[in-house]
Structure formats: structure tokens, C-alpha cells
Amino acid sequence: MAEHETSANSDRWHLLTSASCGVNKISDTHHLQSLNMSYALVWLKRDLRWHDHEAFTQASKQGPIRCIYVIEPEMWLQPDAALQHFEFICESLQDLDEHLRSQGGQVEIHHGDMVTVLSAIWRDAPFIGMFSHEETGNGWTYSRDLKVADWCQHEGVPWHEFRQFGVVRGLKNRDLLQRKWERHMHMPQSNVEKLRFWRPAGLGSLTIHAPAHLKHNPPQRQLGGRKLALKTLHSFLHARSIGYRGGISSPLSAPDACSRLSAYLTYGCISMREVVQQTRDQLAQLPPQAARQRAGLTGFLSRLHWHCHFIQKLEIEPAIQWRNMHLGYDGLREQDFNVEYFEALKNARTGWPMVDACVVMLRETGWLNFRMRAMLVSVAAYPLWLHWRQVGDWLATQFLDYEPGIHWSQMQMQSGTTGINTTRVYNPIKQAQDHDPHGYFVKRWLPRMRHVPPAWIFQPWLIPLETAISSDKDIEIVPPVVDLATAMRDSKQRLHQRRQIPKVKGGKKEVIERHASRQKFNPNFKPLRQQNEDKQQLGFDF
Ligand SMILES: Cc1cc2nc3c(=O)[nH]c(=O)nc-3n(C[C@H](O)[C@H](O)[C@H](O)COP(=O)(O)OP(=O)(O)OC[C@H]3O[C@@H](n4cnc5c(N)ncnc54)[C@H](O)[C@@H]3O)c2cc1C
């Protein structure tokens, strides 16, 4: 498949490297210092912390640092942007700023296009070099980074980027990913005892206004900042992880049982290495009788691997934000997008109580556990037969922890367009019976279900008319948007037919080569104990 070859060649490292090949190395900075460049510029992106921050550490070796965050209006116009992301970033910046001020520094907030801001800073007070973390972001941040690299090359400004996670830029051989991940997580956390700062003269204060068009800030979402990230990690490692194994699938127990670290990892309020090392320390200290918690923390650690494993897919192939990972699935759903079904889903009016309750919880809190996210996407992709692109943009704005690499890979995986994963079609009625047998979750998030008698809680449309009428309470029955059994059967058939096409079968090998986990095939890799919940999330069927 010729187009596949093109996509494999268009990995972001390739483009970034060629754009920045003229950029100076750290060792080239002496001549710049002699030109009276007296500080190193730290560009904060999605790394809003002060501890284990390689950009701070390396920049401070060069001289005093100046720390900027740039609010880029165009970034916030992208369809995956939401007010909750903006607010979470502001909270995290405030926390970071407080910390830096206690050391005599601050976070400078700038507003505008990154290259324009950089040019102005450079013109007013040239710097030794720019320091930041690598970002595997959406298509917009990727092309912004290319422009920044161009600018750096043109001006002769060294731009030093450091690894943020266990994601490897320019990875030539995916077999090495596991080893490189381990090496990164084993390295000591970087910390500078006392940072020295450079402050421009005449810095005024800036009131930050959220872009007016941005919508969606769930009233019950988690708040940003490193202090809260540490508190969340502590309560998970020392108490809540007891409920992890067995507690993460039901939306009733998951909010407590899961670590709830995702948004803090997405915005870098805490480093992945810090989380991995603290988890391993805690595991080592557990007494032998703490088997349940040990199982929980082991399962948690394997998800931290997956975090990077999934982001690596977008790092290798940025186009998976827009197009099918396996091109053989092109044209499968594109022409059938039913706007009414999509509206029903977004407005919690599909009629399936578990689905609608999840949409409301997400709207109110910005978070859902993995299984319920997978169920939402599966319902969108199969019975409603909606393409993952539009659904993915909507969900990106709903998830506080929106991490493009995980998000788009999961959107495709749950929609069956990777071509390499087990097709998992979640039945929303069965999910409700398994994970909310008494209907507590559904009643909590869907007021219209509160007075539906238990016998009809999973399928309220079956309630006899006379029962509904005779009830003295308000009962609103939303009929299912499609007949579930028929729609599921038809959609599975359509997917199955596509899978049987020889060209589609043949294209699978290439996707495996590029994106699949090598854990099964690497003789040196010692797999973590694969438990049931793990298998439900990964489990490649090749
Ligand atoms: C359609 C879909 C979209 C998703 N989008 C995102 C997203 O944008 N951002 C995001 O962080 N997670 C995403 N996930 C994965 C998962 O649902 C969340 O990471 C998890 O629910 C976050 O809660 P937690 O931190 O308490 O998770 P925990 O279970 O405590 O896991 C700890 C960490 O491991 C990582 N992780 C957990 N599960 C997965 C997984 N299946 N794949 C990759 N990494 C994982 C996350 O970084 C998470 O914070 C998505 C899942 C689906 C099905």
C-alpha cells in the first residue's frame, strides 16, 4: 500500500530534525555568552512543574533562567481545545509561579503567536539558548514546533529539547522502546537546589482572560497544580490503590480506585519518572500480606507503560489524528455520519441509561474510567456507526486529561480501524448489568431515571405504559435512538466483511510493524503479570 509507506516516512522526528539540523548544540554556547547573552530561556509547554524538570536543570547550567509560558490564540481555536484545559493550565501555572517566586523568579506569561513572541524576546534581550521538553501534541502543536525550529535555525538560536516521558523521538526500531523506557524511568530525578533567575526590566502584570469562544468547564473537575498532583499520588499509593484491582471497571468505584493522575501527567504537573519511582518504592515497602495492594500497584505500573506505548504511535505517525491507522478501513463510515445520532449522544439522549449517564458524568467532572470511555466510543462506532474523527474531537473537549497520543490511538482502537486489535463491541445494557447492577450510577447522573422501578432500570423503554402513567413521580422515557440488537449485528457484519478483503488482511502486517507492542516477541522482555483487566484494555489479536 503506497500511501502507507508515505505515512511511515512522515514521522515527526524526521521533519523536526531536518528543520532544526542547523541548530547549535549546548557546547556551542560559549561564543553566544561572549555576545552578552546573559540568560537561558525556558519555554514551558505541557511540563508545568518545578521538580524533575530537565529543561530547568539543563538551562540553569548555562546561567540564570527566564521562564515563559505563551498563550497562543490559534492553539485555542483548534476543535480539540476546551475551557477546562485552559483553566487547568492556568491553575498549574499559578502553582508553579508561586514556587518560583519563593526562589526569586516567576513565570512570565506572553500572549500571541510563538514565533512572534520569540522574535520580540530575542530582539529585546537575546538569550543563550531555548530549553523545553519534547511534545507529542496534536497536529497544530506539531506544525507550530516546526515553525519554531525554522525560526531557531534562521536566527542561530540553539533549541534544546528533553524527553518528557518514555516516548522516544526518532525511534528507528520499536523493539527498543521497552528498554529505552526502562532506562529513562531508572535515571535519577533531576532537581536544582536553587534556581537563579534573570528578570527583564519593567515587567508589568498581565491579567489572563480565557479566550471567549472556549466552552466547557465541568463544575466538578479536578484542579490543576503540582501540589494537588502530589497529594493525589500520595493518597493513591498509600490508600486508594487497595481498591485498584477489581475497582477500576465500575464507574461507581473507579473515581476512588483509579489513581486520577491522568490530567496531572498530561500537563506535566508531575513527571512520569517520579510516579514510576514512587510506585516502585511503595511496592518494595509493602508487607507480604498486602497482596491486594501489590496487585493493584502492579496493574497501575503496566498502565504507565501503556501511556508511553500509545503516545509513541502518534509520535511515529502524526497523521493518525486524522486518518485511519489501517488505510484499508477508509470509506467504512465516512459517508454514513448521522448528525441526529451524534446530537443524541452528546446530549445524553441515546436512550441507553448507562451511556447517557456516562455522558452526563463526563460533562460534570471531565473524567470517566477507561471501560466507560471505551463503551462510549464503541456505542458511537458500532450501533450508531459514527466515524471516530468527529466523536474524537468532541470527547477531546470533554476529557480534562486529553492527551492526543493516547486519545487518537484509543479512538481508532475502539472503533476498529487499527486493523490489529480485537474488535470489542460493548453492549451498553450488559455493561450496566455488570457494573451498575442496582442502577445507583445511572440514578445519580440521570435524574430522569430516579423513579424508574428497578425491573426496568436497564431498559426503561420496556416499562408498561400503565405503570409509567400510574406512577406519581415524573418519569421521562427516552426511546433508544436505534434498535440495539439489529444495529450491533449489522455493524459487526460490515466490519467483518471489510476485514475479509484480502488487501485489508494484507495491510495488517505493516500496521503491526509500525505500531504494535513488541512485548510478546521480545525474548528479553519480562512481561508484568497479565491480569484480566489488563487484557481487556490491550490484547492485540495477531
Ligand atoms: C477512547 C479513549 C480515549 C482516551 N483518552 C485518554 C486521554 O486523552 N488521556 C489519557 O490520559 N487517557 C486516555 N484514555 C485512557 C484511560 O481511559 C485514562 O488514562 C484513564 O481513565 C485515566 O484515569 P486514571 O489516571 O485514574 O487512570 P489509571 O488507571 O490510574 O492509570 C494511570 C495512568 O496510566 C495511563 N493509562 C491508563 N489507562 C491507559 C490506557 N488504556 N492507555 C494508555 N494509557 C493509559 C494514564 O496516563 C493514566 O493516568 C482514553 C481511553 C479511551 C478508551
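Counting convention: from 1, in listed order, for ligands and their atoms alike. All values reported here derive from a predicted model rather than from experimental measurement.
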Undergrad: Below 4.0 angstrom from a heavy atom of D401, which ligand 1 atoms are there? Numbered from 1 as shown, please.
TA: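 Here the atoms of ligand 1 in question are 7 (C), 8 (O), 9 (N), 10 (C), 11 (O), 22 (C).
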
Undergrad: Could you list the atoms of ligand 1 found under 4.0 angstrom from a heavy atom of L265?
TA: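 Every atom of ligand 1 under 4.0 Å from some heavy atom of L265: 47 (O), 49 (O).
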
Undergrad: How about Y267 and Y402: are their ring centroids closer than 6.0 Å?
TA: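 Y267 vs Y402: aromatic centres not under 6.0 Å.
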
Undergrad: Looking at H407, which atoms of ligand 1 are within less than 4.0 Å of one of its heavy atoms?
TA: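 What qualifies from ligand 1 is 3 (C), 5 (N), 8 (O).
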
Undergrad: Regarding S241 and Q293, do their side chains bring together a donor and an acceptor under 3.5 Å, going by distance alone?
TA: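 There is such a pair (donor and acceptor under 3.5 Å, judged by atom type) between the side chains of S241 and Q293.
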
Undergrad: If you draw the axis of the six-membered ring of F342, does the NZ or CZ of K346 fall within 45° of it and under 6.0 Å from the ring centre?
TA: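 That pair qualifies as a cation-pi contact.
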
Undergrad: F337 and H387: aromatic ring centres closer than 6.0 Å?
TA: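 No - the distance between ring centres of F337 and H387 does not fall below the 6.0 Å cut-off.
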
Undergrad: What part of F370 sits under 4.0 Å from ligand 1 if we count only heavy atoms: the side chain, the backbone, both or neither?
TA: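 Under 4.0 Å from ligand 1, F370 contributes backbone and side-chain atoms.
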
Undergrad: Can a cation-pi geometry be assigned to R226 and W50, taking NZ or CZ under 6.0 Å from the six-membered ring centre and within 45° of the ring axis?
TA: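 Yes, a cation-pi geometry holds between R226 and W50.
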
Undergrad: Relative to the heavy atoms of L368, which atoms of ligand 1 are at a distance of less than 4.0 Å?
TA: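 Near L368, meaning under 4.0 Å from one of its heavy atoms, ligand 1 has 21 (O).
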
Undergrad: Would you check if there is a donor-acceptor pair between the side chains of E364 and W445 at a distance under 3.5 Å?
TA: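 There is no such pair between these side chains.
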
Undergrad: For residues 372-383, pull every pair meeting side-chain hydrogen bond (donor to acceptor under 3.5 Å, both in side chains), keeping only residues two or more places apart or in separate chains.
TA: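 As it turns out, the side-chain hydrogen bond (donor to acceptor under 3.5 Å, both in side chains) pairs with a partner in residues 372-383, which skip direct neighbours, are R373-D401.
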
Undergrad: Could you work out, for atom 18 (C) of ligand 1, the closest of R373, R260, H309 by heavy-atom distance?
TA: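 Considering heavy atoms of R373, R260, H309, the nearest to atom 18 (C) of ligand 1 sits in R373.
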
Undergrad: Any chance the side chains of T417 and Q412 put a donor and an acceptor closer than 3.5 Å?
TA: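 On atom types as modelled, these side chains qualify, holding a pair under 3.5 Å.
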
Undergrad: Using a strict cut-off of 4.0 Å, indicate which atoms of ligand 1 neighbour a heavy atom of A374.
TA: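 Counting atoms of ligand 1 from 1, those under 4.0 Å from A374 are 53 (C).
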
Undergrad: For ligand 1, which atoms, with element, lie under 4.0 Å from some heavy atom of Y244?
TA: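 Counting atoms of ligand 1 from 1, those under 4.0 Å from Y244 are 28 (P), 29 (O), 30 (O), 31 (O).
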
Undergrad: Does the separation of the ring centres of H309 and H305 fall below 6.0 angstrom?
TA: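 Not under 6.0 Å, so no.
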
Undergrad: Ignoring hydrogens, just give me the one of Q414, Q410, R424 whose non-hydrogen atom is nearest atom 2 (C) of ligand 1.
TA: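 Of the listed residues, Q410 has the closest heavy atom.
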
Undergrad: Are I248 and ligand 1 in contact, using a heavy-atom cut-off of under 4.0 Å?
TA: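 Contact check I248 vs ligand 1: negative.
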
Undergrad: Any nitrogen or oxygen of L261 lying under 3.5 Å from a nitrogen or oxygen in ligand 1? Just yes or no.
TA: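 Looking only at distances, the answer is yes, because the N/O contact criterion of under 3.5 Å is met.
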
Undergrad: Could you walk me through whether E134 and K45 satisfy the side-chain contact (heavy atoms from CB on, under 4.5 Å) test, starting with their C-alpha distance in whole Å, then the side-chain angles of each, then the deciding distance to 0.1 Å, before giving a yes or no?
TA: CA-CA 9 Å; E134 288 171 355; K45 299 172 100 186; over 6 Å; no

Undergrad: Give the atom numbers and elements of ligand 1 that come within less than 4.0 Å of a heavy atom of E403.
TA: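 Answer for ligand 1: 7 (C), 8 (O), 9 (N).
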
Undergrad: Once you restrict to heavy atoms under 4.0 Å, what part of L395 touches ligand 1? Side chain, backbone, both or neither.
TA: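 For L395, there is no contact with ligand 1 at all, from either part.
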
Undergrad: Does F236 have a non-hydrogen atom less than 4.0 Å from ligand 1?
TA: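 Contact absent.
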
Undergrad: Under 3.5 Å between some N or O of ligand 1 and some N or O of S262?
TA: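 Checking ligand 1 against S262, an N or O pair does fall under 3.5 Å apart.
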
Undergrad: Using a strict cut-off of 4.0 Å, indicate which atoms of ligand 1 neighbour a heavy atom of F310.
TA: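 The atoms of ligand 1 under 4.0 Å from a heavy atom of F310 are 42 (N), 43 (C).
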
Undergrad: What do you reckon, does N369 have a nitrogen or oxygen under 3.5 Å from a nitrogen or oxygen of ligand 1?
TA: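 Looking only at distances, the answer is no, because the N/O contact criterion of under 3.5 Å is not met.
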
Undergrad: side-chain hydrogen bond (donor to acceptor under 3.5 Å, both in side chains) with Q278: which residues, sequence neighbours excluded?
TA: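 For Q278, no residue satisfies side-chain hydrogen bond (donor to acceptor under 3.5 Å, both in side chains) once neighbours in sequence are set aside.
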
